[in-house]
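In what follows, a single structure is set out as C-alpha cells and then discussed.
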Amino acid sequence: MQELKELLEKAVQQIANKHKYKVPDDFVVRIERPRQAGHGDWATNIAMQLAKSFTVNPKKLATEIIEALPKDKIIEKAEVAGPGFMNFTLTSDWITSTVKSAIEKGKDYGRVNDGNGRRVQVEFVSANPTGPLHMGHGRGAAVGDITASILDFAGWNVEREYYTNDSGLQMELLGKSAQARYFEAIGRGDEVCMPEDGYQGEYMTDIAKTFVEKYEDSLANKPLDESLKFFIEETCEIVLGMIKKDLEDFGVKFDLWFSEKSLYDKNLIEPAMDALKARDYAYEQDGALWFRSTLFGDDKDRVLIRQNGMPTYFTSDVAYLKNKYDRKFEKLIYVWGADHHGYVPRVKSVNKALGHKDTELEVLLIQMVNLLRGGQAVQMSKRAGTIISLREIIDEVGVDATRFFFVMRRCDSTLDFDLELAKKATSENPVFYVQYAYARICSIYRELTERNIAVPLIADFNVSTLINPLEITLATEISRLPEEIAKSAEELAPHRIAYYATDLAEAFHAFYNAQRVIGVEESVMKSRLLLIEATRIALKNVLGILGVSAPERM
RNA sequence: GCGCCUGUAGCUCAGUUGGAUAGAGCAACUGCCUUCUAAGCAGUAGGCCGGGGGUUCGAGUCUCUCCAGGCGCGCCA
C-alpha cells in the first residue's frame with residue numbers, strides 16, 4: 001500500500017517541521033495488516049516509535065498525524081487506537097484495482113521490482129557426484145529452486161547453478177570402487193579389491209554391469225593405473241547423469257553445471273591465491289600456503305595448499321567464489337545442509353578478504369529431514385545401504401507433494417517428512433487443498449461454457465455488488481501476493497509462499513461454500529466471476545513459483 | 001570443551017523484524033451436499049510460548065543464564 005505510506009510520510013514531515021522535531025535518520029513508515037478484524041485494513045505504530053524522539057505523548061501524536069493527513073480518496077476511515085496505533089480503513093477502490101491488476105497482468109501478477117534487474121546467483125544441491133541424491137538433497141533442491149523463482153518474481157536476474165565436486169580424492173575413490181565392481185562382474189574379483197571406505201551402493205554394481213555390456217573384459221587388460229582414469233571419468237559422468245535426471249524429473253533446471261575440475265583445467269586457482277596474497281590474507285609457512293582466517297575470528301589459520309603441493313577443498317572454493325564475482329554477480333546465495341554450518345564463517349571470511357561486502361553473500365542453511373512412515377521414523381544407514389533416495393520418494397509420493405512438503409517449513413527448522421501423509425489424498429495434505437481450489441475455479445468456468453454464458457469483461461466488474469465479508473477477505477488475500485513475494489525474497493524465506501498459497505486457497509474455499517457464482521443476478525455473477533478469475537491467476541502464479549502443478553480437474 | 005540450529009495447543013508447525021485478545025493444519029466433538037467438485041465449509045474444545053533473571057510504555061520476538069534435543073568443530077570433502 002504505497003499510497004498510504006506516502007500520505008503518512010507527508011503528514012509526519014509536516015508535523016516535524018511545524019514543531020521543529022527531528023525525524024530520526026533511520027525512520028521509515030512501516031504499515032502492517034492488523035491480525036484483528038476490527039482494526040481496519042492497515043495499521044501503523046509510527047506514532048509510538050516517534051513519540052520517543054519527539055518526546056510527546058504517542059496518542060496525541062497519532063491524533064495529530066491523522067489530522068495532518070492529506071485528504072485522499074483511498075482512506076475511508078482513520079482512527080487512533082490502543083496505546084497509539086493508527087488504524088485505517090480504505091475505500092473499496094482497492095478491491096477493484098486488485099481484481100483488475102490480477103487479470104490484466106495475468107502470469108506477471110505478483111511481480112515486484114525490488115531486485116531491479118540485479119544479477120543474483122543461487123547455488124544449490126551441489127552434491128558430490130558419488131551416488132544418487134537422497135532426501136536431504138531433495139530439500140535443498142526444492143528450497144533453492146523455489147527461492148530462485150521467488151527472487152525472479154521479485155525482479156532479480158537469477159541464475160541457478162550446481163557446483164560439481166568432480167576432482168580430488170573422493171573421485172579417485174569412486175573410480176576405484178567402480179573398477180573393483182567391474183572386476184567382480186567379469187569374475188576376476190580377486191584381482192582388485194573394493195577400497196575400505198569405497199562406495200558400496202547397489203548403483204555401483206549397476207554401473208559396472210554397463211561397463212561389461214559395453215566393453216566386455218577389455219578394460220581389464222590394461223594396467224590398473226591406466227584404466228583408473230577411465231573409470232573415474234566415466235563413472236563420474238554416469239553418476240552425474242543420474243543426478244541430472246533426478247533433478248530434471250523433480251522439476252529443477254540449472255542454468256549452469258559448474259565443474260570444480262574446470263577451475264584447475266583453466267588455471268583459475270593461482271590467480272585466486274594471488275588475489276589473497278596481494279591483500280596479505282594468505283602467506284606461506286612450513287611449506288604450505290595458509291589463509292589468515294584468524295583475522296576474521298577463526299581460532300586458527302586454515303591451509304590452502306598442503307605441504308605436498310596438493311590443494312585442499314578450500315582452495316577450489318576460494319577460486320570458485322572469485323570466479324562468481326568475476327562473472328559479475330551482485331549477490332550470491334549458497335544453499336547448504338546445516339551440517340556444513342561450521343564452514344560458513346570461513347566462506348564469509350574469504351568473501352571479505354576478496355574485498356566484498358558481507359551482504360553480498362548469503363548462506364541459507366537447511367536443517368535435516370526426518371523421514372517417517374505413518375508416524376514411525378524410517379531408519380537409514382549408509383553402511384547398510386538403506387538410504388532412501390530422492391528418486392524413491394518422488395516415485396512414491398509424486399513431485400507436487402514432495403516439493404510442497406520440502407518447502408513447507410522454515411529452513412532452520414528440522415522437517416518431518418511423512419511418506420504416508422504426503423501420499424494421502426485427503427484434507428490432511430495441504431498440497432491438494434491448494435490444487436483443489438484451483439480445480440474448483442476451472443470447474444466453474446467449464447460450467448459457464450456448458451451453459452453458454454459469456455465470460456465477463458474487466459469493465460463489468462462492479463465492486464458495489466461484492467459486499468460479503470468472505471468476498472472482501474478473498475480480495476485481500478489476492479492483493480497480498482506482491483507483498484508476500486517482496487518479503488519472502490528479502491528474507492529468503494520460501495516457506496512463506498507455501499503458507500500464502502494455503503491462505504489464499506482457504507479464503508477461496510470459504511467463499512465458494514457460502515456463495516454461488518453461477519445462478520445469481522447477472523451483475524453479481526459477473527463481479528464474482530472476475531473475482532475468482534483473479535483468484536485463479538494468483539493461485540496459478542503461486543503454484544508456478546512452488547513448481548507444483550495446477551490441475552484443472554481433480 | 002567451544003560453536004550453530006531448535007524448544008509455541010495432544011501431534012506437525014506459523015507468528016508481519018519489539019505491538020493490540022498468541023494463530024493454522026491434523027487428531028477430538030457438533031453441524032452443512034435436489035443447485036458451479038464435500039480432496040470442501042461453519043462451529044466447539046484445546047496454551048506458564050522449555051525454566052528463571054534482565055532491557056521498556058509493551059517481550060513468543062532482544063539480552064543473560066540454566067535445561068532438553070539435533071548438528072558441527074581435520075593439511076577429509
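Letters A, B, ... mirror the listed sequences (proteins, then strands); counts begin at 1.
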If the threshold is 4.0 Å, N to carboxylate O, is there a salt bridge linking [X] and [Y]?
X: A:Glu522; Y: A:Lys526; answer: yes
X: A:Arg446; Y: A:Glu450; answer: no
X: A:Arg480; Y: A:Glu477; answer: yes
X: A:Asp299; Y: A:Arg302; answer: yes
X: A:Lys324; Y: A:Glu161; answer: no
X: A:Lys5; Y: A:Glu9; answer: no

So, is [X] close to the [N] phosphate, meaning a side-chain N or O under 4.0 Å from OP1 or OP2?
X: A:Lys300; N: B:rC75; value: yes
X: A:Arg409; N: B:rU6; value: no
X: A:Tyr436; N: B:rA39; value: yes
X: A:Arg35; N: B:rA20; value: yes
X: A:Arg346; N: B:rG74; value: no
X: A:Arg410; N: B:rA14; value: yes
X: A:Tyr343; N: B:rC76; value: no

For nucleotides [N] and [M], find the distance between their [atom1] atoms and express it as a whole number of Å.
N: B:rG15; M: B:rA9; atom1: P; result: 15 Å
N: B:rG7; M: B:rC49; atom1: C1'; result: 10 Å
N: B:rU12; M: B:rA27; atom1: P; result: 15 Å
N: B:rU17; M: B:rU61; atom1: P; result: 15 Å
N: B:rG31; M: B:rA38; atom1: C1'; result: 14 Å
N: B:rC62; M: B:rG43; atom1: C1'; result: 39 Å
N: B:rA39; M: B:rG23; atom1: C1'; result: 24 Å
N: B:rC67; M: B:rG52; atom1: P; result: 15 Å

Once you apply a heavy-atom cut-off of 4.0 Å, does [X] come out as touching a base, just sugar-phosphate, or nothing?
X: A:Ala51; result: nothing
X: A:Glu552; result: base
X: A:Ala439; result: base
X: A:Gln170; result: sugar-phosphate
X: A:Ala43; result: base
X: A:Phe314; result: nothing
X: A:Asp197; result: nothing
X: A:Met310; result: nothing
X: A:Gln307; result: base
X: A:Asp339; result: sugar-phosphate
X: A:Arg33; result: base
X: A:Glu260; result: nothing

Rounded to whole Å, please give me the gap between [atom1] in [X] and [atom2] in [N].
X: A:Asn429; N: B:rG25; atom1: CG; atom2: C1'; result: 11 Å
X: A:Glu506; N: B:rG25; atom1: CD; atom2: P; result: 6 Å
X: A:Leu61; N: B:rC57; atom1: CG; atom2: P; result: 16 Å
X: A:Asn513; N: B:rC36; atom1: CG; atom2: P; result: 12 Å
X: A:Asp317; N: B:rA77; atom1: CG; atom2: P; result: 10 Å
X: A:His509; N: B:rG43; atom1: NE2; atom2: C1'; result: 19 Å
X: A:Leu543; N: B:rA39; atom1: CG; atom2: C1'; result: 15 Å
X: A:Asp299; N: B:rG1; atom1: CG; atom2: P; result: 17 Å

Name the pairing partner of [N], where a pair is Watson-Crick or G-U wobble with both distances under 3.5 Å, or state none.
N: B:rU44; value: B:rA28
N: B:rU55; value: none
N: B:rA22; value: none
N: B:rG74; value: none
N: B:rU34; value: none
N: B:rG7; value: B:rC67

Is it true that [Y] and [X] share a donor-acceptor pair across their side chains at a distance under 3.5 Å?
X: A:Gln170; Y: A:Thr130; answer: no
X: A:Thr315; Y: A:Thr312; answer: yes
X: A:Ser523; Y: A:Thr465; answer: no

Check your understanding: For A:Phe85 and B:rA20, do the ring centres fall under 5.5 Å apart while the planes stay under 30° apart?
Key -> yes
Review point. Between residues 470-497 of chain A and RNA chain B, which residues have a heavy-atom gap below 4.0 Å?
Key: A:Lys487, A:Glu491, A:His495
Review point. Can you name the one residue among A:Leu419, A:Val369, A:Asp418, A:Val431 that meets side chain to side chain contact (heavy atoms under 4.5 Å, CB included) with A:Phe405?
Key: A:Val431
Practice item. Could you check which of B:rC75, B:rU35, B:rC41 has an atom nearest any side-chain atom of A:Arg306? Key: B:rC75
Study note, to complete from the structure: Ranking B:rC36, B:rC13, B:rA77 by distance to the side chain of A:Asn128, first place goes to B:rA77
Review point. Ring centroid separation for A:Tyr163 and A:Tyr334, is it under 6.0 angstrom?
Key: no
Point to revise | Position toward the 5' end of RNA chain B (nearest nucleotide), A:Lys52 or A:Tyr445 | key: A:Tyr445
Check your understanding: For RNA chain B, whose closest nucleotide is more 5', that of A:Gln49 or that of A:Val303?
Key -> A:Gln49
Exercise for review: Could you walk me through whether A:Tyr281 and A:Phe296 pass the ring pair (Phe, Tyr, Trp, His ring centres under 6.0 Å) test, one step at a time?
Suggested key: CA-CA 10 Å; A:Tyr281 284 113; A:Phe296 302 96; 5.5 Å; yes
Review point. Does any donor-acceptor pair link the side chain of A:His340 with the base of B:rG72 at a separation under 3.5 Å?
Key: no
Review point. For B:rC5, is chi within 90° of 0 (syn) or not (anti)?
Key: anti
Review point. Using the purine O4'-C1'-N9-C4 or pyrimidine O4'-C1'-N1-C2 torsion, is B:rU17 syn (within 90° of 0) or anti?
Key: syn
